[in-house]
Amino acid sequence: MGLSAFYKPQQVAELKVALGITLDSTEGLLSEGGIRESFGLSQIAKYRKRGTITPFGYAVTGGGLIPFYQPQQIAKLKTALGITLDSTEGLLNETEFLRVSGLFNIAAYRKRRLIKPIGFAMAGPRVGAFYHPRQIAELKKALGITLESTDGLLNEKEFGKVSGFSRVSTYRKRGLIKPIGHGMSKSGVSAFYDRSQIGELKKALGITLDNTDGLLNESEFIRISGLTNFATFRNRGLIKPVGFALRNSGLVGFYHPHQIAELKQRLAELRSR
């Protein structure tokens, strides 16, 4: 048959010690691969190296010397990691919740207690919060969101840019303009408006001019004409604005340059009587 090596029975135990084998049987135990498949925990090796979990023992398999764990150790590990869910079926992690809802910064809303997770489980490589789809509507209500879609509408910043109004929020608070509803914008929850409301707001503010090119506001009129009692002349009805537009100081009357000569002529006629 040929030359063969022979060993003493006690050498088996010595070899096991040398190899780091501490288990005679792995029945009822879980390898790290088994834990990943059964519980979705993919970073057991990292938790082992950090000391979060200690193997029950080691055994040799086809892949070499590997650690094995008792099932109850996994329950303790999940508690240590803050995992409270055994299954996430039908639930949304925070990334999925944002994609489905169209909202931003779900973590901030969670910290503000505007939404409470159903529980926590592994979401990719980390433990993450999970939510039920019905919580989307609940969170939107808590945030004051009333619009399912903002297509074709302008958020408050966009409305101000398009209309030229810099104080849209002030006009809203004064009741001069009412939003179509509230929805999400890049900066957070915002009031949304239809473009047709630009004209409505101008009317509410008393604005009658779309363009003031070639016209003079009252300060310019006084400076050019030299008439210092302009407000008195206006109040007496001796001169009437061509129209009104907004300036930093508020609603301002505007005049055509030829009204300077007309006003001076009327004043001269009054003095000659």
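Computed from a prediction, not measured in an experiment: that's the story for all the values here.
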Could you give the distance from [atom1] ([X]) to [atom2] ([Y]), rounded to the nearest 0.5 Å?
X      : Y      : atom1 : atom2 : answer
Leu139 : Ile106 : CG    : CD1   : 5.0 Å
Thr61  : Ile66  : OG1   : CD1   : 3.5 Å
Asn93  : Arg99  : CG    : CZ    : 8.5 Å
Leu98  : Leu103 : CG    : CG    : 7.0 Å
Leu238 : Phe233 : CG    : CZ    : 7.5 Å
Asn105 : Arg110 : CG    : CZ    : 9.5 Å

Check [X] against [Y] and note the closest heavy-atom contact, atom names and distance.
X      : Y      : answer
Thr26  : Ala59  : CG2-CB, 3.6 Å
Gly181 : Leu147 : C-CD1, 3.6 Å
Gly183 : Ile145 : CA-CG2, 4.1 Å
His182 : Gly144 : CB-O, 3.3 Å
Gly20  : Tyr58  : O-CB, 3.4 Å
Phe97  : His132 : CE1-O, 4.3 Å

Should we count NZ of Lys157 as having more than 12 external heavy atoms under 6.0 Å?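 Atom NZ in Lys157 is not packed in, count stays at 12 or less.
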Would you say that more than 12 heavy atoms from the other residues, nucleotides or ligands in this model lie under 6.0 Å from the CD of Glu269, or not?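 More than 12 heavy atoms, drawn from other residues, nucleotides or ligands, come within 6.0 Å of this atom.
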Between Lys16 and Thr22, does a side chain to side chain contact (heavy atoms under 4.5 Å, CB included) hold up when you go through it step by step? CA-CA 7 Å; Lys16 283 185 176 182; Thr22 60; over 6 Å; no
Using only atom types and a distance under 3.5 Å, with no angle test, would you say the side chain of [X] pairs donor to acceptor with the backbone of [Y]?
X      : Y      : answer
Gln197 : Lys178 : yes
Gln73  : Ile53  : no
Glu220 : Asn217 : yes
Gln70  : Gly28  : no

Distance only, no hydrogens: is a donor on one side chain within 3.5 Å (strictly under) of an acceptor on the other, for Glu158 and Tyr193?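 No - no donor-acceptor pair under 3.5 Å links their side chains.
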With side chain to side chain contact (heavy atoms under 4.5 Å, CB included) as the test, would you mind laying out the steps for Ile177 and Glu200 before giving the verdict? CA-CA 8 Å; Ile177 187 170; Glu200 295 172 9; 6.0 Å; no
Got [X] and [Y] here, is their nearest side-chain heavy-atom distance under 4.5 Å?
X      : Y      : result
Asp210 : Lys202 : yes
Val242 : Gln259 : yes
Tyr131 : Ile136 : no
Ser185 : Phe192 : yes
Phe68  : Leu23  : yes
Thr232 : Arg236 : yes
Glu262 : Ile239 : no
Lys46  : Lys49  : no

Ring centres under 6.0 Å, that's the criterion: do Phe221 and Tyr255 meet it?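 Centroid distance Phe221-Tyr255: below 6.0 Å, so yes.
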Ring centroid separation for Phe56 and Tyr69, is it under 6.0 angstrom?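 So the answer is no for these two rings.
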Under 30°, 30 to 60°, or over 60°: which ring-plane class applies to Tyr171 and Phe165, parallel, tilted or perpendicular?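 Perpendicular: the ring planes of Tyr171 and Phe165 meet at over 60°.
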Group every Ile, Leu, Val, Met, Phe, Trp and Tyr by side-chain heavy-atom contacts under 4.5 Å, then state whether [X] and [Y] land in the same group.
X      : Y      : answer
Phe39  : Phe130 : no
Met184 : Leu153 : no
Val162 : Leu176 : yes
Ile224 : Leu263 : yes
Phe120 : Leu91  : no

Verdict with reasoning, Lys203 to Ile207, per side chain to side chain contact (heavy atoms under 4.5 Å, CB included): CA-CA 6 Å; Lys203 185 176 179 180; Ile207 296 171; over 6 Å; no
Applying salt bridge (Lys or Arg N to Asp or Glu O under 4.0 Å), name anything that partners Asp86, two or more places apart in sequence or on another chain.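 Here the qualifying residues are Lys78.
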Go through the structure and list residues passing salt bridge (Lys or Arg N to Asp or Glu O under 4.0 Å) with Arg48, not counting sequence neighbours.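 Testing Arg48 for salt bridge (Lys or Arg N to Asp or Glu O under 4.0 Å), a comparison that skips the adjacent residues, returns Glu32.
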Passes side chain to side chain contact (heavy atoms under 4.5 Å, CB included), Leu41 versus Arg36? Steps please. CA-CA 5 Å; Leu41 299 172; Arg36 181 171 55 251; over 6 Å; no
Checking Ser190 now: which residues fulfil side-chain hydrogen bond (donor to acceptor under 3.5 Å, both in side chains) with it, not counting sequence neighbours?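 Listed in chain order: nothing, the list is empty.
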Which one of Thr208, Leu209, Val252, Thr212 satisfies the side-chain contact (heavy atoms from CB on, under 4.5 Å) criterion with Phe244?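 Single pass found, and it is Thr208.
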